[in-house]
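Notes for the one structure printed next.
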Amino acid sequence: MRKWKYISPLVALGLWQLLAMVGVLGRTPSPVDVAEGFYDLIVTGLPPGYYLQWHLLASLERVLVGFAFALVLAVPLGILMGWSRGFDTVMDPLVEVVRPVPPLAWLPLAVIWFGIGIFSAAFMIFLGAFFPILLNTITGVKSVDPHLVEAARTLGARRRAILLRVLTPGAMPSIITGVRIGIGIGWMTLVAAEMTGVKSGYGLGYLILTARDIARYDIVVAGMVVIGVVGFLMDRLVKYAEKRLLGWM
Amino acid sequence: MDVGENGGPVVELRSLSKSFTEKKTGRELEVLDHLDMEVRQGRFTCVVGPTGCGKTTLLRLIGGLEVPSSGEVRFEGRPVTGPGPQRGMVFQEYALFPWRTAVRNVTFGLSLKGIPHKEARALADEYLETVGLTGHEDLYPRELSGGMKQRVAIARTLAALPRILLMDEPFASLDAQTRNGMQEFLVDLWRRTGTSIVFVTHLVDEAVFMGQEIVGLSRRPARVVRTFENNLPYPRSRTGAEFTELRARILEYLAVEMSE
């Protein structure tokens, strides 16, 4: 059955090439055009000298910085909110009001705070990834079997041990779900942020924008393909981490 | 002080009352009503009573997981203010940490005490040997059968060096065959270690097979407590005339309590 999982992208690709050859797609590039676009990007770059790999690295760097901040802040905050009803009551309204604001709406403020550059983009990623991780962490902590906390207390665990050795590992499945969602949203947010103005010459979103300006639709699609494949690989990476961390499930 | 001497009271419940507020209706639910009871040092005490009569609440009060509404719980002469490793609890649901292997469940309490990793591991291996689980140290709880899980839970509790074991229907989720085996195992363990045990069950057979003292609770709110002495020698037979006779007496008492 495993080999069948490649069938849907391959059929889509074949159909797409066929439609292009028949001539019904107009200015939409065919798969072969896109392959040529890739070649140009890797050999010549767009703008010339700005190679695909540098665009990709710039985007990945922003994602990693933003995502790391989201992880480091959202997990401890989520554990505290999941554990303390009082803290949850105080924090929840703030979270629920900030959460629906799309990360891109923060862009003007981000530019005042961080200037144009990696930290503005990273801030967008941070906002996109923060809330899924936070909410899943809270849910995870609340879903930890209360018997486990009681058992730990009868074994001599105080607050610190309950938080670090019971609630955190207990919430881990949910935290990882949040990480998966968060990194996906972060990645999507990044490209949009780059397209909207966080420009530094590099970045996949910026690349697509530049290609559009000079009507190189083959390169637009090539950029889209890279974004899709990288998103897929990041998800795989988290899945792998999940398998390693949650072997006990 | 007679505390700690064999036969002295290790747990004293004085005029103990506990009520809960029902979340849905807001009604007060009285579970225990001015209950008096003593648990003697080194004894195997079983608490029996109909389902929902407050047995579990009684045990949780001794364990410090609940706070009395009035009256007091004393352990070794001092009022109980919260849970602690000197009063080890074993739960019906095992309450093993699913992300820790058998041996790491046992080391949980040891590492809280600051015992270094290697030493804790060696101690944990010993406790797992005590409960007959050598060779299963590195399995996760999901890989263990119900009986094995409860053995791990008992080993984990013993490793914290409790001066009393509080057991809340620990064998209730096991099949009859495994349960009988676990009862024999527990009696043997108790005779080897001499720890005081309070064992809550709704099965009179179980209480008569294991307990030296069998405490019958009335239906809710539990207040009348009657203690049956059980001097049958260990290991006990489940079929002897004295066993059957004592079981009948307790069942009769419970039936009367329920019908009033």
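What you see below is based on every heavy atom in this structure, not just the backbone, and it leaves out hydrogens, waters and symmetry mates. Predicted model, so just to flag it, every value in this text is computed and none were measured. Below, chain A is the first sequence line, B the second, and so on; all start at residue 1.
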Measure [X] against the heavy atoms of chain A and call it side chain, backbone, both or neither at under 4.5 Å.
X	value
B:Phe97	both
B:Ala95	both
B:Leu96	backbone
B:Arg87	backbone
B:Ser111	both

Tell me, yes or no, whether the heavy-atom count around [X] atom [atom1], taken from other residues, nucleotides or ligands under 6.0 Å, exceeds 12.
X	atom1	answer
B:Arg142	CZ	yes
B:Arg14	CZ	yes
A:Phe119	CZ	no
A:Arg244	CZ	no
B:Glu129	CD	no
B:Lys113	NZ	yes
A:Phe69	CZ	no

Contact check, side chains of [X] and [Y], non-hydrogen atoms, under 4.5 Å:
X	Y	answer
A:Thr154	B:Pro162	no
B:Gln92	A:His147	no
B:Arg156	A:Leu155	yes

Proximal to chain B - members of residues 160-168 of chain A, heavy-atom separation under 4.5 Å: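 Within residues 160-168 of chain A, near chain B: A:Ala161, A:Arg165, A:Val166.
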For [X] against [Y], the heavy-atom pair lying closest together:
X	Y	result
A:Gly170	B:Trp99	CA-CZ3, 3.5 Å
B:Pro98	A:Trp248	O-CB, 3.3 Å
A:Gly156	B:Pro85	CA-CD, 3.7 Å

Contact origin within A:Met172 toward chain B - heavy atom pairs under 4.5 Å: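 Answer is neither: A:Met172 stays 4.5 Å or more from chain B.
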Residue pairs, two or more places apart or on separate chains, that pass ring-ring contact (aromatic ring centres under 6.0 Å, His included) and touch residues 130-151 of chain B: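 Pairs touching residues 130-151 of chain B that pass the test: none.
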Gap between atom CD of B:Glu66 and atom CD of A:Glu150 - 0.5 Å precision: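 So the CD of A:Glu150 and the CD of B:Glu66 are separated by 7.5 Å.
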A:Arg153 side-chain N/O to B:Gly84 backbone N/O, donor-acceptor pair under 3.5 Å: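 No: the side chain of A:Arg153 does not pair with the backbone of B:Gly84.
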